Amino acid sequence: TQLLEQSPQFLSIQEGENLTVYCNSSSVFSSLQWYRQEPGEGPVLLVTVVTGGEVKKLKRLTFQFGDARKDSSLHITAAQPGDTGLYLCAGVGAGSYQLTFGKGTKLSVIP
Amino acid sequence: GAVVSQHPSRVICKSGTSVKIECRSLDFQATTMFWYRQFPKQSLMLMATSNEGSKATYEQGVEKDKFLINHASLTLSTLTVTSAHPEDSSFYICSATKPGLAGGSEQYFGPGTRLTVT
């Protein structure tokens, strides 16, 4: 069974601060996806990383896939209240379509 | 695009009745769809994998006779909660797989269905 450890579980910061969310595993993933979920809604795909060492940027969000494809991070620069939500990382194992989800990081950005 | 819809968005039913939830991929064909449930303040838990034209594969601990899944076409999968009980109350979310632009595959999620069993 592949497990994804996501940290921190909760994060409350002031508007304008930077933050990083981590996802770590002892397993190798063929790809890793980051989602953001609002209360009462389904997760929305933010990015997919496939190549070890890959870095992708989405406005103020920077996603990195570890060289060994076992870990990933999400960095948010100058957080805004609109960034508030549950951030989920999810990995896809080799030869599989199934996603293994981390437990999520509940982010609150205080104005 | 990759839009997935779910219907209904909310449903309240009485204990012992059955409820059907539909999941549709609106602008792409999905040979594989997934069903998840999510309890408050928790992450998504995979219930089953639904493949078009074949029987669903259920995760350990999920009763296949209670959670009936039908994937009749490349754009529609249904989950029927049979003889629902209050402990079945949860947020049910489906997803559909679409080949990713950078290789691999990506899952796109529906908006979820809030089921409350009274």
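Side chains included, hydrogens not; waters and symmetry mates left out as well; all remaining heavy atoms used. In what follows, every chain begins at residue 1, and chains take the letters A, B, ... in the order their sequences are listed. Keep in mind that this is a model prediction, so the values were computed, not measured.
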Report task. Assess the pair A/Tyr35 and B/Phe109: is the distance between their ring centroids shorter than 6.0 Å? Result -> yes
Report task. For this output row, return yes or no: ring centroids of A/Phe65 and A/Phe29 closer than 6.0 angstrom. Result -> no
Can you give me every donor-acceptor pair (side chain of residues 102-111 of chain A, partner residue at least two apart or in another chain, under 3.5 Å) with its distance?
residue  : atom : partner : partner atom : Å
A/Thr105 : OG1  : A/Gln6  : NE2          : 3.2
A/Thr105 : OG1  : A/Pro8  : O            : 2.6

Tell me, for [X] versus chain A, whether the close heavy atoms (under 4.5 Å) come from the side chain, the backbone, both or neither.
X	value
B/Gln6	neither
B/Leu44	both
B/Gln60	neither

Report task. Output yes when B/Glu22 and B/Lys20 qualify as a salt bridge under the 4.0 Å nitrogen-oxygen rule, no when they do not. Result -> no
Report task. Under 4.5 Å heavy-atom distance to chain B, tell me which part of A/Leu88 shows up: side chain, backbone, both or neither. Result -> side chain
